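Just so it is clear, the model here is predicted, and its values are computed rather than measured. All residue numbers in this chain count up from 1 along the given sequence.
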Amino acid sequence: MCGITGFTSKRADKAEILTAMMDAIAHRGPDGAGQYIDEQVALGHRRLSILDLEGGKQPMFNEDGRLVVVFNGEIYNFQALRTELQAAGHTFATDHSDTEVLLHGYEEWGREMVTRLRGMFAFAIWDKAEGKLFCARDHFGIKPFYYYHKGDSFMFGSEIKSFLENPEFDKRFNPAQLQLYLSFQYSPGEDTFFQNVKKLLPAHWLEWQDGKVTVQRYWSPSFDADETRTLEDWETDIEAAMKESVAAHKIADVEVGSFLSSGVDSSYMACLAHVDKTFTVGFAEARYDETHYAQDFSKHIGVKNFAYRITPEEYWANLPKIQYHMDEPLADAASAALYFVNREAAKQVKVCLSGEGADEFFGGYNIYKEPFTVSWYDHVPLPIRRAVGAVAEKLPPVRGLNFLVRRSRPLEERYIGNTDLMGERRKKQLLRHYIPGVLPTGLSRPLFDKTKGQDPVTRMQFTDLQLWMVGDILLKADKMSMANSLELRVPFLDRKVFELARRIPVRFRADAHNTKIAMRRAAQRSIPPQTADKKKLGFPVPVRAWLRDEKYAAVVREAFHTEAARQFFHTEALDKMLDQHLSGKRDNWRQIWCVFVFLVWYNEYFVKR
């Protein structure tokens with residue numbers, strides 16, 4: 001696991017600039033640094049040594065020195081690819097480096113090489129002879145890849161903060177992204193909060209040549225249920241697939257640990273992995289602390305558990321640092337907790353397994369139950385439902401109104417992913433400069449169009465795979481682990497596992513009462529039923545309660561009255577929102593937190609720097 005960065009330029013001071021860019025992401029690779037510089041490009045690499053500790057240094061070259069690569073990630077099928085490439089006549093200089101497979105694979109297969117890779121990756125290969133830079137990101141977006149293209153300037157990196165060290169980077173705020181963020185709670189799609197900075201989306205490659213950038217998708221997820229097999233068949237296949245994936249993800253030349261919460265995903269992972277150490281985080285407030293579940297389960301499977309309880313003071317004190325490491329604001333309250341569990345794990349191991357992806361693959365979110373609940377209401381004529389929803393939206397919040405508002409619109413209009421914090425009416429009230437036409441459905445609707453005719457659960461999963469999982473779940477997983485120089489591996493998010501999961505019928509994924517039906521049944525073969533069947537809770541964070549404490553509400557109110565807040569928001573509307581929450585009249589904590597986190601992040605990137 002590493003950090004990569006680089007740029008194209010004919011400047012004479014490329015070495016100095018590249019060093020500064022690499023220093024900005026030194027946390028991603030504290031074990032070493034390497035550079036490649038010629039008259040056209042500068043490539044930098046920061047290394048966290050996991051595989052081939054002595055021989056895997058980067059940048060790495062092919063036999064004749066024509067190709068040079070910088071790579072962040074792990075290729076889990078590199079040994080099979082190496083054997084295939086050797087049979088085709090390629091000679092390897094390293095004993096067991098997965099990085100070298102990228103070089104010879106690109107020589108042999110060109111762009112098609114990426115379709116053969118199994119793993120998490122973001123890399124850049126420079127072809128000196130053709131003056132071409134080829135970059136790619138893994139199938140599910142586990143590893144990040146950002147790029148900046150404006151005029152003659154092109155730069156790329158694992159984190160946006162490296163661009164700030166390049167004098168050719170024109171740091172400008174992108175206001176349209178703020179509007180989307182207020183609905184999603186993260187920065188969705190390919191655009192970012194910085195103008196001319198884009199994310200290379202999952203399963204895409206990029207080529208730069210002679211100042212021109214070409215981006216293309218090389219793979220797309222799809223669901224195609226096999227209705228012929230029994231639940232027991234799926235349980236057996238899931239068990240086999242997960243055992244094989246966990247074994248592949250454990251390959252390392254350093255110790256591997258596992259995260260452990262109270263839920264089925266991490267519990268199943270820890271049990272299959274047979275690690276020696278598990279790591280858990282909770283809160284000092286007893287009613288929000290679930291560390292005892294993890295400690296009891298660790299005893300059950302015979303491994304040592306290390307639990308850390310976060311105090312409110314350190315949670316709030318670390319928020320600026322956490323948002324700086326995110327690169328873009330993320331209002332998922334659990335992301336800060338993830339920072340602490342990574343920090344504690346990094347004190348003892350270099351690699352940890354985690355359960356990200358199980359919900360998106362196997363149908364785990366509680367929202368996936370919705371199509372099966374009060375389903376008769378969907379047969380009420382749409383104009384009537386729209387009229388009822390319009391009235392309900394204007395009434396004071398009471399139980400049941402949210403249902404009427406949500407079900408007043410078809411699924412493809414109302415579902416933008418696993419979160420929908422603010423509607424357009426609310427954003428118009430808060431934003432000083434509302435931009436008409438910048439709508440969250442502009443990102444989600446094209447995804448629904450691709451699943452037309454399929455069941456609602458599958459359509460939601462398909463959307464979450466490409467919006468929520470990438471923008472929230474995997475962003476915080478990568479950034480919080482790398483902030484602490486820890487490699488995080490996610491065995492659920494494996495190509496072979498997905499090939500299985502995509503064929504499971506919806507009746508074995510979710511119904512009105514259960515989620516991840518087949519996966520939970522498979523997990524019961526290894527872990528106690530009460531753990532396998534535990535309801536999906538997310539990570540309980542006491543932010544709602546903290547925001548009703550005058551001590552922390554005062555911190556938020558102060559942020560709401562800064563110059564930055566006045567630049568973007570109507571401060572009187574922000575005050576009203578906070579007052580309503582403090583008085584208990586309206587449970588606005590997620591919306592308050594979303595705005596507050598943005599302001600914390602903005603201070604880090606546009607006020608301090």
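A donor-acceptor pair under 3.5 Å is absent between the side-chain atoms of Arg445 and the main chain of Glu413, judged by distance alone. Judged by distance alone, with hydrogens and angles left aside, the side-chain atoms of Glu108 form no donor-acceptor pair with the main-chain N or O of Leu85 at under 3.5 Å. Side chain of Gln454 to main chain of Phe223: a donor-acceptor pair is present (N/O by atom type, distance under 3.5 Å, no hydrogens or angles). Not one N or O on the side chain of Lys350 forms a donor-acceptor pair closer than 3.5 Å with the backbone of Glu255. Side chain of Thr280 to backbone of Leu260: a donor-acceptor contact under 3.5 angstrom is found. In terms of modelled atom types and a separation under 3.5 Å, the side chain of Arg137 and the main chain of Leu200 share a donor-acceptor contact.
Between Glu244 and Arg118, at least one side-chain nitrogen of the basic residue sits less than 4.0 Å from a carboxylate oxygen of the acidic one, meeting the salt-bridge criterion. Salt bridge status for Lys369 with Asp511: absent, with no side-chain N to carboxylate O gap under 4.0 Å. Using a cutoff of 4.0 Å between basic side-chain nitrogens and carboxylate oxygens, Asp472 and Lys476 are scored as salt-bridged. Ion pairing between a basic and an acidic side chain is recognised when a charged N comes within 4.0 Å of a carboxylate O; Arg521 and Glu232 show such pairing. Arg28 and Asp478 are joined by a salt bridge, as a carboxylate oxygen and a charged side-chain nitrogen come within less than 4.0 angstrom of each other. Between Glu344 and Lys347, at least one side-chain N (NZ, or NE/NH1/NH2) sits under 4.0 Å from a carboxylate O, which counts as a salt bridge. Salt bridge status for Arg489 with Glu74: present, with a side-chain N to carboxylate O gap under 4.0 Å. Salt bridge Lys479/Asp327: present, at least one basic N to carboxylate O contact under 4.0 Å. Salt-bridge annotation for Glu412 and Arg459: present, with a side-chain N of the basic residue lying under 4.0 Å from a carboxylate O of the acidic one. Taking the charged nitrogens against the carboxylate oxygens, Glu190 and Lys199 have no contact shorter than 4.0 Å, which rules out a salt bridge.
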Let me see the working for Arg495 and Leu117 under side-chain contact (heavy atoms from CB on, under 4.5 Å), right down to the final yes or no. CA-CA 9 Å; Arg495 286 185 66 186; Leu117 301 178; 5.6 Å; no
Determine whether His204 and Tyr218 satisfy the following criterion, ring pair (Phe, Tyr, Trp, His ring centres under 6.0 Å), listing intermediate values before the conclusion. CA-CA 6 Å; His204 282 69; Tyr218 64 82; 7.5 Å; no
Starting from the C-alpha separation in whole Å, work towards a yes-or-no answer on side-chain contact (heavy atoms from CB on, under 4.5 Å) for Tyr186 and Asp332. CA-CA 8 Å; Tyr186 58 86; Asp332 185 337; over 6 Å; no
Go through the steps to decide whether Lys243 and Glu239 satisfy the test salt bridge (charged side-chain N to carboxylate O under 4.0 Å, His left out), and finish with yes or no. CA-CA 6 Å; Lys243 285 181 176 179; Glu239 181 181 41; 3.7 Å; yes
Show, in sequence, the C-alpha distance, side-chain angles and deciding distance for Val470 and Leu201, and conclude whether the side-chain contact (heavy atoms from CB on, under 4.5 Å) test is met. CA-CA 9 Å; Val470 182; Leu201 293 178; 5.9 Å; no
Apply side-chain contact (heavy atoms from CB on, under 4.5 Å) to residues Tyr339 and Met480 and explain how you reach the verdict. CA-CA 5 Å; Tyr339 170 83; Met480 294 298 91; 3.4 Å; yes
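In this structure, a donor-acceptor pair under 3.5 Å is absent between the side chains of Thr192 and Ser187. Under the 3.5 Å distance criterion, with hydrogens and angles disregarded, no donor-acceptor pair is assigned to the side chains of Thr419 and Arg590. In this model, no donor atom of one side chain and acceptor atom of the other lie less than 3.5 Å apart for Asp98 and Gln79. With hydrogens and angles left out, the side-chain atoms of Asp233 and Thr236 include no donor and acceptor closer than 3.5 Å. When only modelled atom types and interatomic distance are considered, Arg509 and Gln461 share a side-chain donor-acceptor pair under 3.5 Å.
Rounded to the nearest 0.5 angstrom, Asp237 CG and Met242 CE are separated by 13.0 Å. With rounding to the nearest 0.5 angstrom, the CD atom of Glu360 is 11.0 Å from the CZ atom of Phe492. Separation of atoms CD (Glu84) and CG (Asn77) is listed at 9.5 Å; rounding is to 0.5 Å. The OH atom of Tyr415 sits 11.5 Å away from the CG atom of Leu447 when rounded to the nearest 0.5 Å. Distance check, rounded to the nearest 0.5 Å: CZ of Phe462 to OG of Ser444 gives 12.0 Å. Taking CG of Asp464 as the start and CG of Asn418 as the end, the distance is 5.0 Å to the nearest 0.5 Å.
The aromatic ring centroids of His104 and Phe92 lie less than 6.0 Å from each other. Aromatic pair Phe498/Phe140: ring centres closer than 6.0 Å. Between Tyr377 and Phe403, the gap from one ring centroid to the other is short of 6.0 Å.
Under a cutoff of 6.0 Å and an axis angle of 45°, Arg116 and Trp109 form a cation-pi pair. By the 6.0 Å and 45° rule, Arg343 stacks over the aromatic ring of Tyr308. Note that Lys304 lies in the cation-pi zone of Phe306, set by a 6.0 Å cut-off to the ring centre and a 45° limit from the axis.
Each of Gln524, Arg520, Lys516 was compared with Asp533 under the side chain to side chain donor-acceptor pair (under 3.5 Å) criterion, and only Gln524 meets it.
Using bins of under 30°, 30° to 60° and over 60° for the plane-to-plane angle, the ring pair Phe134/Phe123 lands in the tilted bin.
In this structure, Val281 and Thr291 have side chains that are not in contact, with every pair of non-hydrogen atoms separated by 4.5 Å or more. Put simply, the side chain of Ile416 reaches to within 4.5 Å of the side chain of Ser183, judged on heavy atoms. Leu486 has its side chain within reach of Val349: a pair of non-hydrogen atoms, C-beta onward, lies under 4.5 Å apart.
Within 6.0 Å of OH in Tyr293 there are 12 or fewer heavy atoms belonging to other residues, nucleotides or ligands.
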